[in-house]
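Comments concern the structure below.
Residue numbers count from 1 along this sequence.
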Amino acid sequence: MVNRLVPVVLLALLAAVHAQLWLGRGSLPRVNEMQRQIDVQKAANAQAQQANERLSSEVHDLKEGLDMVEEKARSELGMVRPNEIYVQFTPR
């Protein structure tokens, strides 16, 4: 009787380990899904980092020199200095 009980217990433990591996909290499908979510988040973080660097550079330029301010005023607001003539060319 004892000789049959040990293999049955071992098989039950093996079945429990396999069930945990495939269906439990740390299962392979769940780990794969979490890895996919991490990859998506890393891509979003990389895009946000690029945007932050671009904005940081623009802030630095605005703090350091008036050339950027003048460029933005000319392109976005149509600024013209005194005694300056504004000429607009349209490509054909």
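- Under a 3.5 Å cut-off, the side chain of Glu84 and the backbone N or O of Arg81 do form a donor-acceptor pair.
- A salt bridge links Glu58 with Lys72: at least one charged nitrogen is closer than 4.0 Å to a carboxylate oxygen.
- With Glu33 as the partner, the side chain to side chain donor-acceptor pair (under 3.5 Å) test is satisfied by one option alone out of Arg30, Arg36, Gln35: Arg36.
- More than 12 heavy atoms of other residues, nucleotides or ligands lie within 6.0 Å of CE in Met79, so this atom counts as buried by the packing criterion.
- Following chains of ILVMFWY side-chain contacts shorter than 4.5 Å, one can reach Leu13 starting from Leu5, so the two form part of one hydrophobic cluster.
- With hydrogens and angles left out, the side-chain atoms of Gln49 and Asn45 include no donor and acceptor closer than 3.5 Å.
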